[in-house]
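Notes follow once the structure below has been shown.
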Protein chains: 2
Amino acid sequence: MARYRVGIETRERILDATRQVLGDQGLESATLKAITDRAGVGAGSFYNLFESKEAAIWEVLAEAITAVDPDPDGHGSETVDDLVTAFVAFVTGETATLARIHLQLAGMALTAPDVAAPIARSHARRVDRFQAAMRRHDPELDQATAVAHAELLLGALTGLAIRNAMDPDFDLAAHAAALPRHPGDRASSPLAGRTGS
Amino acid sequence: MARYRVGIETRERILDATRQVLGDQGLESATLKAITDRAGVGAGSFYNLFESKEAAIWEVLAEAITAVDPDPDGHGSETVDDLVTAFVAFVTGETATLARIHLQLAGMALTAPDVAAPIARSHARRVDRFQAAMRRHDPELDQATAVAHAELLLGALTGLAIRNAMDPDFDLAAHAAALPRHPGDRASSPLAGRTGS
DNA sequence: ACAGACTTGGAGCGACCACTCAAAATCCGT
DNA sequence: ACGGATTTTGAGTGGTCGCTCCAAGTCTGT
(Lines give C-alpha, C1' and ligand atoms only; values in the text may rest on other atoms or scores of the structure.)
Protein backbone atom coordinates (compact mmCIF):
# COMPACT_ATOMS: atom_id res chain seq x y z
CA MET A 1 0.00 0.00 0.00
CA ALA A 2 1.21 3.42 -1.03
CA ARG A 3 3.99 2.47 -3.44
CA TYR A 4 3.74 5.35 -5.92
CA ARG A 5 4.60 8.92 -5.09
CA VAL A 6 0.99 10.16 -5.41
CA GLY A 7 -0.13 7.48 -2.97
CA ILE A 8 2.40 8.53 -0.37
CA GLU A 9 1.34 12.16 -0.76
CA THR A 10 -2.34 11.28 -0.46
CA ARG A 11 -1.58 9.27 2.66
CA GLU A 12 0.04 12.34 4.18
CA ARG A 13 -2.91 14.55 3.21
CA ILE A 14 -5.25 12.09 4.92
CA LEU A 15 -3.14 12.06 8.08
CA ASP A 16 -3.08 15.87 8.04
CA ALA A 17 -6.86 15.95 7.75
CA THR A 18 -7.17 13.42 10.58
CA ARG A 19 -4.94 15.58 12.78
CA GLN A 20 -7.06 18.64 12.06
CA VAL A 21 -10.38 16.91 12.65
CA LEU A 22 -9.20 15.33 15.90
CA GLY A 23 -7.67 18.58 17.10
CA ASP A 24 -10.57 20.84 16.16
CA GLN A 25 -13.63 18.62 16.60
CA GLY A 26 -12.53 15.68 18.71
CA LEU A 27 -12.70 11.92 18.40
CA GLU A 28 -16.49 11.87 18.39
CA SER A 29 -16.71 13.93 15.20
CA ALA A 30 -13.88 12.16 13.44
CA THR A 31 -16.10 10.34 10.94
CA LEU A 32 -14.78 8.95 7.70
CA LYS A 33 -16.65 11.63 5.77
CA ALA A 34 -15.19 14.42 7.91
CA ILE A 35 -11.69 13.13 7.29
CA THR A 36 -11.99 12.37 3.57
CA ASP A 37 -13.84 15.63 2.84
CA ARG A 38 -11.13 17.65 4.55
CA ALA A 39 -8.45 15.68 2.72
CA GLY A 40 -10.28 16.12 -0.60
CA VAL A 41 -10.29 12.39 -1.23
CA GLY A 42 -12.83 9.67 -1.91
CA ALA A 43 -13.59 6.81 0.44
CA GLY A 44 -11.97 4.35 -1.92
CA SER A 45 -8.67 6.20 -1.81
CA PHE A 46 -8.77 6.18 1.96
CA TYR A 47 -9.24 2.42 2.13
CA ASN A 48 -6.56 1.88 -0.48
CA LEU A 49 -4.11 3.44 1.99
CA PHE A 50 -5.45 2.54 5.44
CA GLU A 51 -6.80 -0.68 6.90
CA SER A 52 -9.65 1.11 8.64
CA LYS A 53 -10.70 4.46 10.05
CA GLU A 54 -9.34 3.33 13.39
CA ALA A 55 -5.91 2.68 11.86
CA ALA A 56 -5.54 6.27 10.65
CA ILE A 57 -6.79 7.67 13.94
CA TRP A 58 -4.52 5.41 15.90
CA GLU A 59 -1.55 6.55 13.84
CA VAL A 60 -2.30 10.17 14.74
CA LEU A 61 -2.95 9.37 18.40
CA ALA A 62 0.37 7.53 18.62
CA GLU A 63 2.00 10.61 17.14
CA ALA A 64 0.32 12.84 19.73
CA ILE A 65 1.43 10.52 22.53
CA THR A 66 5.02 10.51 21.32
CA ALA A 67 5.45 14.10 20.13
CA VAL A 68 5.20 15.65 23.59
CA ASP A 69 8.43 13.89 24.57
CA PRO A 70 10.74 14.08 21.53
CA ASP A 71 14.00 12.23 21.44
CA PRO A 72 16.43 13.51 24.01
CA ASP A 73 18.61 16.15 22.41
CA GLY A 74 20.86 16.40 25.39
CA HIS A 75 19.45 13.51 27.34
CA GLY A 76 22.03 13.67 30.08
CA SER A 77 22.35 17.43 30.40
CA GLU A 78 18.93 19.02 29.87
CA THR A 79 17.59 21.21 32.69
CA VAL A 80 14.05 21.41 34.05
CA ASP A 81 13.86 24.76 32.34
CA ASP A 82 14.73 23.16 29.01
CA LEU A 83 11.93 20.67 29.49
CA VAL A 84 9.38 23.33 30.42
CA THR A 85 10.42 25.46 27.45
CA ALA A 86 10.16 22.46 25.15
CA PHE A 87 6.61 21.81 26.37
CA VAL A 88 5.62 25.43 25.75
CA ALA A 89 7.03 25.11 22.24
CA PHE A 90 5.10 21.88 21.72
CA VAL A 91 1.85 23.59 22.65
CA THR A 92 2.33 26.93 20.91
CA GLY A 93 4.53 26.00 17.94
CA GLU A 94 4.01 24.06 14.74
CA THR A 95 2.78 21.08 16.71
CA ALA A 96 -0.14 23.01 18.22
CA THR A 97 -2.74 20.74 16.60
CA LEU A 98 -0.98 17.64 17.92
CA ALA A 99 -0.90 19.32 21.32
CA ARG A 100 -4.67 19.83 21.25
CA ILE A 101 -5.03 16.11 20.57
CA HIS A 102 -2.56 15.36 23.34
CA LEU A 103 -4.78 17.20 25.82
CA GLN A 104 -7.70 14.94 24.94
CA LEU A 105 -5.70 11.76 25.54
CA ALA A 106 -6.23 11.64 29.28
CA GLY A 107 -9.98 11.43 28.86
CA MET A 108 -9.61 8.75 26.19
CA ALA A 109 -7.30 6.72 28.40
CA LEU A 110 -10.09 6.31 30.93
CA THR A 111 -12.51 4.75 28.47
CA ALA A 112 -10.29 3.13 25.80
CA PRO A 113 -8.10 0.48 27.44
CA ASP A 114 -5.82 -0.06 24.43
CA VAL A 115 -4.88 3.61 24.37
CA ALA A 116 -4.29 3.72 28.12
CA ALA A 117 -1.14 1.60 28.20
CA PRO A 118 0.99 3.65 25.78
CA ILE A 119 -0.20 6.85 27.45
CA ALA A 120 0.83 5.55 30.85
CA ARG A 121 4.22 4.51 29.45
CA SER A 122 4.78 7.89 27.84
CA HIS A 123 3.80 9.65 31.05
CA ALA A 124 6.21 7.53 33.10
CA ARG A 125 9.03 8.33 30.67
CA ARG A 126 8.30 12.01 30.94
CA VAL A 127 8.16 11.96 34.73
CA ASP A 128 11.50 10.19 34.73
CA ARG A 129 13.05 12.79 32.47
CA PHE A 130 11.86 15.68 34.64
CA GLN A 131 12.88 13.90 37.80
CA ALA A 132 16.38 13.20 36.49
CA ALA A 133 16.81 16.87 35.53
CA MET A 134 15.78 17.91 39.04
CA ARG A 135 18.26 15.58 40.67
CA ARG A 136 20.98 16.77 38.32
CA HIS A 137 20.25 20.28 39.56
CA ASP A 138 20.30 19.16 43.20
CA PRO A 139 22.12 15.86 43.75
CA GLU A 140 20.97 15.79 47.38
CA LEU A 141 17.34 15.43 46.27
CA ASP A 142 15.87 12.02 47.03
CA GLN A 143 14.10 10.27 44.19
CA ALA A 144 10.62 10.02 45.69
CA THR A 145 10.46 13.76 46.27
CA ALA A 146 11.79 14.49 42.81
CA VAL A 147 9.20 12.18 41.26
CA ALA A 148 6.44 13.83 43.28
CA HIS A 149 7.52 17.27 42.15
CA ALA A 150 7.81 16.06 38.55
CA GLU A 151 4.20 14.84 38.65
CA LEU A 152 3.20 18.16 40.16
CA LEU A 153 4.91 20.14 37.41
CA LEU A 154 3.51 17.96 34.63
CA GLY A 155 -0.02 18.23 36.01
CA ALA A 156 0.34 21.98 36.26
CA LEU A 157 1.73 22.26 32.71
CA THR A 158 -1.21 20.27 31.37
CA GLY A 159 -3.62 22.52 33.23
CA LEU A 160 -1.99 25.62 31.77
CA ALA A 161 -2.02 24.09 28.28
CA ILE A 162 -5.76 23.49 28.55
CA ARG A 163 -6.35 27.09 29.59
CA ASN A 164 -4.16 28.15 26.69
CA ALA A 165 -6.21 26.09 24.26
CA MET A 166 -9.49 27.54 25.53
CA ASP A 167 -8.41 31.18 25.79
CA PRO A 168 -6.43 32.59 22.87
CA ASP A 169 -5.23 35.53 24.99
CA PHE A 170 -3.68 33.31 27.65
CA ASP A 171 0.06 33.86 28.02
CA LEU A 172 1.24 30.29 28.41
CA ALA A 173 4.94 31.13 28.31
CA ALA A 174 4.65 33.60 31.19
CA HIS A 175 2.60 31.25 33.36
CA ALA A 176 4.90 28.32 32.62
CA ALA A 177 7.93 30.44 33.48
CA ALA A 178 6.37 31.22 36.87
CA LEU A 179 6.03 27.55 37.86
CA PRO A 180 8.31 26.29 40.63
CA ARG A 181 11.00 24.28 38.84
CA HIS A 182 12.30 22.40 41.85
CA PRO A 183 10.88 21.14 45.16
CA GLY A 184 10.68 24.04 47.59
CA ASP A 185 10.74 26.72 44.87
CA ARG A 186 8.00 29.30 45.23
CA ALA A 187 5.47 29.77 42.49
CA SER A 188 5.94 33.38 41.42
CA SER A 189 3.55 35.81 39.81
CA PRO A 190 3.23 35.30 36.04
CA LEU A 191 2.78 39.07 35.70
CA ALA A 192 6.47 39.71 36.26
CA GLY A 193 9.13 39.36 33.52
CA ARG A 194 7.26 38.16 30.46
CA THR A 195 9.82 36.07 28.64
CA GLY A 196 12.39 35.82 31.39
CA SER A 197 14.30 32.59 31.80
CA MET B 1 -43.01 15.53 31.91
CA ALA B 2 -42.56 13.13 34.78
CA ARG B 3 -45.58 13.91 36.91
CA TYR B 4 -46.27 10.47 38.37
CA ARG B 5 -44.00 8.77 40.84
CA VAL B 6 -43.01 5.99 38.38
CA GLY B 7 -42.01 8.62 35.84
CA ILE B 8 -39.74 10.39 38.29
CA GLU B 9 -38.16 7.07 39.28
CA THR B 10 -37.60 6.11 35.64
CA ARG B 11 -36.04 9.46 34.99
CA GLU B 12 -33.57 8.82 37.80
CA ARG B 13 -32.80 5.33 36.49
CA ILE B 14 -32.03 6.81 33.09
CA LEU B 15 -29.74 9.45 34.58
CA ASP B 16 -27.99 6.74 36.58
CA ALA B 17 -27.48 4.70 33.43
CA THR B 18 -26.17 7.78 31.61
CA ARG B 19 -23.68 8.43 34.40
CA GLN B 20 -22.44 4.85 34.24
CA VAL B 21 -22.11 4.77 30.46
CA LEU B 22 -20.30 8.11 30.36
CA GLY B 23 -18.03 7.13 33.22
CA ASP B 24 -17.19 3.65 31.97
CA GLN B 25 -17.28 3.96 28.19
CA GLY B 26 -17.08 7.66 27.42
CA LEU B 27 -19.10 10.12 25.39
CA GLU B 28 -18.40 8.32 22.13
CA SER B 29 -20.12 5.12 23.30
CA ALA B 30 -23.02 6.87 24.97
CA THR B 31 -25.61 5.82 22.39
CA LEU B 32 -29.31 5.83 23.10
CA LYS B 33 -29.33 2.03 23.07
CA ALA B 34 -26.43 1.83 25.55
CA ILE B 35 -28.28 4.14 27.92
CA THR B 36 -31.77 2.66 27.63
CA ASP B 37 -30.49 -0.93 27.81
CA ARG B 38 -28.59 -0.19 30.99
CA ALA B 39 -31.62 1.61 32.42
CA GLY B 40 -33.91 -1.28 31.41
CA VAL B 41 -36.22 1.05 29.55
CA GLY B 42 -37.59 1.40 26.02
CA ALA B 43 -36.72 4.25 23.69
CA GLY B 44 -40.24 5.68 23.99
CA SER B 45 -39.94 6.00 27.74
CA PHE B 46 -36.70 7.86 27.34
CA TYR B 47 -38.26 10.38 24.98
CA ASN B 48 -41.25 10.78 27.21
CA LEU B 49 -38.87 12.08 29.89
CA PHE B 50 -36.08 13.81 27.96
CA GLU B 51 -36.10 16.18 25.02
CA SER B 52 -33.20 14.39 23.36
CA LYS B 53 -30.20 12.20 24.06
CA GLU B 54 -28.12 15.35 24.32
CA ALA B 55 -30.40 16.72 27.04
CA ALA B 56 -29.81 13.73 29.33
CA ILE B 57 -26.08 13.77 28.67
CA TRP B 58 -25.91 17.48 29.25
CA GLU B 59 -27.71 17.06 32.57
CA VAL B 60 -25.07 14.56 33.71
CA LEU B 61 -22.19 16.66 32.41
CA ALA B 62 -23.51 19.68 34.28
CA GLU B 63 -23.63 17.51 37.39
CA ALA B 64 -20.01 16.43 36.85
CA ILE B 65 -18.94 20.03 36.38
CA THR B 66 -20.67 21.14 39.56
CA ALA B 67 -20.04 18.18 41.85
CA VAL B 68 -16.29 18.71 42.11
CA ASP B 69 -16.90 21.98 43.90
CA PRO B 70 -19.85 21.41 46.22
CA ASP B 71 -21.48 24.22 48.11
CA PRO B 72 -19.13 25.78 50.60
CA ASP B 73 -19.66 24.13 53.95
CA GLY B 74 -17.41 26.56 55.72
CA HIS B 75 -16.88 28.92 52.86
CA GLY B 76 -14.93 31.45 54.88
CA SER B 77 -12.91 29.07 57.06
CA GLU B 78 -11.94 26.02 54.99
CA THR B 79 -8.22 25.25 54.71
CA VAL B 80 -6.28 24.11 51.66
CA ASP B 81 -6.11 20.74 53.36
CA ASP B 82 -9.89 20.61 53.61
CA LEU B 83 -10.14 21.30 49.89
CA VAL B 84 -7.58 18.65 48.98
CA THR B 85 -9.31 16.13 51.23
CA ALA B 86 -12.66 16.98 49.68
CA PHE B 87 -11.24 16.37 46.22
CA VAL B 88 -9.86 12.98 47.26
CA ALA B 89 -13.29 12.11 48.64
CA PHE B 90 -14.91 13.24 45.38
CA VAL B 91 -12.67 10.92 43.37
CA THR B 92 -12.66 7.88 45.65
CA GLY B 93 -16.06 8.09 47.34
CA GLU B 94 -19.65 7.62 46.20
CA THR B 95 -19.14 10.17 43.45
CA ALA B 96 -16.36 8.16 41.80
CA THR B 97 -18.34 7.72 38.58
CA LEU B 98 -19.03 11.44 38.37
CA ALA B 99 -15.32 11.99 39.00
CA ARG B 100 -14.42 9.78 36.03
CA ILE B 101 -16.71 11.93 33.89
CA HIS B 102 -15.17 15.07 35.37
CA LEU B 103 -11.73 13.93 34.18
CA GLN B 104 -13.01 13.70 30.62
CA LEU B 105 -14.39 17.23 30.66
CA ALA B 106 -11.12 18.98 29.82
CA GLY B 107 -10.88 17.13 26.52
CA MET B 108 -14.53 17.87 25.72
CA ALA B 109 -14.03 21.55 26.48
CA LEU B 110 -11.52 21.80 23.65
CA THR B 111 -13.90 20.52 21.01
CA ALA B 112 -17.40 21.39 22.32
CA PRO B 113 -17.69 25.17 22.69
CA ASP B 114 -20.96 25.11 24.63
CA VAL B 115 -19.42 22.89 27.30
CA ALA B 116 -16.28 24.99 27.52
CA ALA B 117 -17.83 28.07 29.12
CA PRO B 118 -19.33 26.39 32.23
CA ILE B 119 -16.15 24.37 32.69
CA ALA B 120 -14.06 27.52 32.59
CA ARG B 121 -16.41 29.18 35.08
CA SER B 122 -16.27 26.21 37.44
CA HIS B 123 -12.49 26.11 37.20
CA ALA B 124 -12.21 29.81 37.98
CA ARG B 125 -14.46 29.37 41.02
CA ARG B 126 -12.32 26.50 42.26
CA VAL B 127 -9.07 28.40 41.77
CA ASP B 128 -10.55 31.27 43.71
CA ARG B 129 -11.54 29.00 46.56
CA PHE B 130 -8.08 27.45 46.82
CA GLN B 131 -6.42 30.82 46.50
CA ALA B 132 -8.56 32.32 49.26
CA ALA B 133 -7.71 29.42 51.58
CA MET B 134 -4.00 29.95 50.91
CA ARG B 135 -4.19 33.64 51.70
CA ARG B 136 -6.15 32.91 54.85
CA HIS B 137 -3.27 30.67 55.90
CA ASP B 138 -0.69 33.35 55.05
CA PRO B 139 -2.17 36.85 54.89
CA GLU B 140 1.15 38.19 53.53
CA LEU B 141 0.71 36.16 50.34
CA ASP B 142 0.01 38.28 47.27
CA GLN B 143 -2.92 37.24 45.14
CA ALA B 144 -1.10 36.53 41.88
CA THR B 145 1.23 34.06 43.59
CA ALA B 146 -1.64 32.42 45.43
CA VAL B 147 -3.57 32.03 42.17
CA ALA B 148 -0.53 30.57 40.46
CA HIS B 149 -0.06 28.05 43.24
CA ALA B 150 -3.77 27.24 43.19
CA GLU B 151 -3.58 26.42 39.48
CA LEU B 152 -0.50 24.34 40.19
CA LEU B 153 -2.24 22.35 42.88
CA LEU B 154 -5.38 21.83 40.84
CA GLY B 155 -3.39 20.64 37.83
CA ALA B 156 -1.47 18.24 40.02
CA LEU B 157 -4.63 16.92 41.68
CA THR B 158 -6.19 16.26 38.28
CA GLY B 159 -3.06 14.44 37.19
CA LEU B 160 -3.14 12.26 40.29
CA ALA B 161 -6.85 11.57 39.80
CA ILE B 162 -6.20 10.34 36.26
CA ARG B 163 -3.46 8.01 37.49
CA ASN B 164 -5.86 6.82 40.17
CA ALA B 165 -8.54 6.07 37.59
CA MET B 166 -6.11 4.13 35.41
CA ASP B 167 -4.36 2.16 38.14
CA PRO B 168 -6.58 0.61 40.82
CA ASP B 169 -3.57 0.16 43.14
CA PHE B 170 -2.65 3.83 43.11
CA ASP B 171 -2.79 5.43 46.55
CA LEU B 172 -4.40 8.74 45.72
CA ALA B 173 -4.78 9.85 49.33
CA ALA B 174 -1.09 9.40 50.07
CA HIS B 175 0.05 11.20 46.94
CA ALA B 176 -2.43 14.04 47.48
CA ALA B 177 -1.26 14.40 51.07
CA ALA B 178 2.31 14.84 49.83
CA LEU B 179 1.48 17.81 47.59
CA PRO B 180 2.80 21.21 48.63
CA ARG B 181 -0.20 23.00 50.05
CA HIS B 182 1.22 26.52 49.95
CA PRO B 183 3.73 28.43 47.81
CA GLY B 184 7.25 27.47 48.90
CA ASP B 185 6.19 24.21 50.55
CA ARG B 186 8.28 21.22 49.51
CA ALA B 187 6.61 18.29 47.81
CA SER B 188 7.33 15.38 50.14
CA SER B 189 7.57 11.68 49.46
CA PRO B 190 4.16 9.98 49.27
CA LEU B 191 5.74 6.89 50.85
CA ALA B 192 5.79 8.52 54.27
CA GLY B 193 2.74 8.67 56.60
CA ARG B 194 -0.06 6.99 54.66
CA THR B 195 -3.15 8.70 55.96
CA GLY B 196 -1.50 11.51 57.88
CA SER B 197 -3.19 14.89 57.83
C1' DA C 1 5.07 4.07 -25.97
C1' DC C 2 3.67 0.15 -23.79
C1' DA C 3 1.78 -2.52 -20.02
C1' DG C 4 1.25 -4.00 -15.51
C1' DA C 5 0.75 -1.98 -11.00
C1' DC C 6 -1.16 1.37 -8.42
C1' DT C 7 -4.61 5.06 -7.30
C1' DT C 8 -9.10 7.25 -7.65
C1' DG C 9 -14.07 8.48 -6.99
C1' DG C 10 -18.40 7.33 -5.74
C1' DA C 11 -22.49 4.36 -5.94
C1' DG C 12 -24.08 0.86 -3.08
C1' DC C 13 -24.18 -2.38 1.21
C1' DG C 14 -25.79 -3.80 5.72
C1' DA C 15 -25.67 -2.04 10.31
C1' DC C 16 -26.67 1.20 13.46
C1' DC C 17 -27.93 5.97 14.71
C1' DA C 18 -31.41 9.26 17.10
C1' DC C 19 -35.99 9.64 17.17
C1' DT C 20 -41.45 9.00 16.39
C1' DC C 21 -45.86 7.14 17.13
C1' DA C 22 -50.00 4.79 18.48
C1' DA C 23 -51.89 1.25 21.07
C1' DA C 24 -51.70 -1.02 25.56
C1' DA C 25 -50.61 -0.77 30.44
C1' DT C 26 -50.34 1.72 34.59
C1' DC C 27 -51.12 5.41 37.85
C1' DC C 28 -53.81 8.06 41.18
C1' DG C 29 -57.22 11.97 42.49
C1' DT C 30 -61.73 11.53 43.02
C1' DA D 1 -63.62 1.52 41.44
C1' DC D 2 -63.90 4.83 37.92
C1' DG D 3 -61.58 7.47 34.25
C1' DG D 4 -58.57 10.96 32.48
C1' DA D 5 -53.64 11.64 32.63
C1' DT D 6 -49.35 9.66 32.36
C1' DT D 7 -46.13 6.05 31.22
C1' DT D 8 -44.50 2.18 28.44
C1' DT D 9 -43.32 -0.59 24.62
C1' DG D 10 -41.20 -1.73 20.28
C1' DA D 11 -41.73 -1.70 15.42
C1' DG D 12 -40.84 1.65 12.10
C1' DT D 13 -38.55 6.13 9.87
C1' DG D 14 -35.08 8.55 7.46
C1' DG D 15 -30.48 9.39 7.85
C1' DT D 16 -25.55 8.45 8.59
C1' DC D 17 -22.07 5.17 9.82
C1' DG D 18 -17.80 2.39 8.23
C1' DC D 19 -16.67 -0.06 4.50
C1' DT D 20 -16.57 -2.63 -0.35
C1' DC D 21 -16.15 -2.84 -5.10
C1' DC D 22 -14.90 -1.77 -9.66
C1' DA D 23 -14.49 0.88 -13.82
C1' DA D 24 -11.71 4.59 -15.14
C1' DG D 25 -7.57 7.19 -14.63
C1' DT D 26 -2.62 7.71 -13.44
C1' DC D 27 1.93 6.30 -12.63
C1' DT D 28 6.47 4.40 -13.72
C1' DG D 29 10.05 0.76 -15.04
C1' DT D 30 11.10 -0.87 -19.24
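Keep in mind it's a predicted model, so treat the numbers as computed, not measured.
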Quick test of your reading of the model: are A/Lys33 and A/Asp37 salt-bridged, counting only N-O distances below 4.0 Å? yes
Between the protein and nucleotides 26-30 of chain D, list the N/O to N/O atom pairs that are separated by less than 3.5 angstrom.
{"unit_1": "D/dT28", "atom_1": "OP1", "unit_2": "A/Arg5", "atom_2": "N", "d": "3.2"}

Measure CD/A/Glu12 against P/C/dT7 and give the value in whole Å, please. 15 Å
Do the side chain of B/Arg136 and the main chain of B/Gly76 share a donor and acceptor less than 3.5 angstrom apart? yes
Nearest 0.5 angstrom please: B/Arg135 CZ to B/Thr145 OG1, how far? 10.0 Å
I'd like to know if the side chain of B/His137 and the backbone of B/Ala133 have a donor-acceptor N/O pair within less than 3.5 Å. no
Using residues 24-31 of chain A as the side-chain source, report each donor-acceptor pair under 3.5 Å to any protein atom, sequence neighbours left out, with the distance given to one decimal.
{"unit_1": "A/Gln25", "atom_1": "OE1", "unit_2": "A/Arg38", "atom_2": "NH2", "d": "2.9"}
{"unit_1": "A/Ser29", "atom_1": "OG", "unit_2": "A/Gln25", "atom_2": "O", "d": "3.1"}
{"unit_1": "A/Thr31", "atom_1": "OG1", "unit_2": "A/Ala34", "atom_2": "N", "d": "3.1"}

Tabulate below the donor-acceptor pairs under 3.5 Å that side-chain atoms of residues 96-108 of chain B make, not counting sequence neighbours, or state none.
{"unit_1": "B/Arg100", "atom_1": "NE", "unit_2": "B/Gly23", "atom_2": "O", "d": "3.0"}
{"unit_1": "B/Arg100", "atom_1": "NH2", "unit_2": "A/Leu110", "atom_2": "O", "d": "2.8"}
{"unit_1": "B/His102", "atom_1": "ND1", "unit_2": "B/Ala64", "atom_2": "O", "d": "3.1"}
{"unit_1": "B/Gln104", "atom_1": "NE2", "unit_2": "B/Leu22", "atom_2": "O", "d": "3.1"}
{"unit_1": "B/Gln104", "atom_1": "NE2", "unit_2": "B/Arg100", "atom_2": "O", "d": "3.3"}

Give me the bend of the helix from C/dA1-D/dT30 to C/dT30-D/dA1, using the axes of the five pairs at each end, rounded to 10°. 30°
Working to the nearest 0.5 angstrom, can you tell me the gap between A/Arg19 CZ and A/Thr95 OG1? 11.0 Å
Is it the case that the side chain of B/Thr18 and the backbone of B/Ile57 share a donor-acceptor pair, with hydrogens and angles ignored and the cut-off at 3.5 Å? no
With no hydrogens and no angle check, is any side-chain donor or acceptor of A/Asp82 less than 3.5 Å from a backbone partner on A/Thr79? yes
Integer-rounded Å distance: D/dT6 P and B/Glu9 CD: 17 Å
Rounded distance (Å) that lies between atom C1' of D/dC21 and atom CG of A/Asn48: 12 Å
Please evaluate residues A/Phe50 and A/Leu15 with respect to the criterion side chain to side chain contact (heavy atoms under 4.5 Å, CB included), reporting the C-alpha separation (whole Å), side-chain torsions for both, the decisive distance (0.1 Å), and the verdict. CA-CA 10 Å; A/Phe50 293 92; A/Leu15 286 175; 3.8 Å; yes
Go through it in stages, so that I can follow the logic: the residues are A/Val80 and A/Leu153, the test is side chain to side chain contact (heavy atoms under 4.5 Å, CB included), and I'd like the CA-CA distance, side-chain angles, deciding distance and then a yes or no. CA-CA 10 Å; A/Val80 177; A/Leu153 248 188; 3.8 Å; yes
Rounded to whole Å, CD1 of A/Ile14 lies from C1' of C/dT7 at a distance of 11 Å
Has the side chain of A/Ser122 got a donor or acceptor atom that lies under 3.5 Å from a matching backbone atom of A/Thr66? no
Restricting both atoms to N or O, compile the protein contacts to nucleotides 17-21 of chain C shorter than 3.5 Å, with distance only.
{"unit_1": "C/dA18", "atom_1": "OP1", "unit_2": "B/Leu32", "atom_2": "N", "d": "3.2"}
{"unit_1": "C/dA18", "atom_1": "OP1", "unit_2": "B/Lys53", "atom_2": "NZ", "d": "2.9"}
{"unit_1": "C/dA18", "atom_1": "OP2", "unit_2": "B/Leu32", "atom_2": "N", "d": "2.8"}
{"unit_1": "C/dC19", "atom_1": "OP2", "unit_2": "B/Tyr47", "atom_2": "OH", "d": "2.4"}
{"unit_1": "C/dC19", "atom_1": "OP2", "unit_2": "B/Lys53", "atom_2": "N", "d": "2.8"}
{"unit_1": "C/dC19", "atom_1": "O5'", "unit_2": "B/Tyr47", "atom_2": "OH", "d": "3.0"}

Pick from B/Arg126, B/Gln131, B/His123: which one makes a side chain to side chain donor-acceptor pair (under 3.5 Å) with B/Glu151? B/His123
Mind listing the residues from residues 20-28 of chain B sitting with a heavy atom below 4.0 Å of DNA chain D? Number order is fine. none
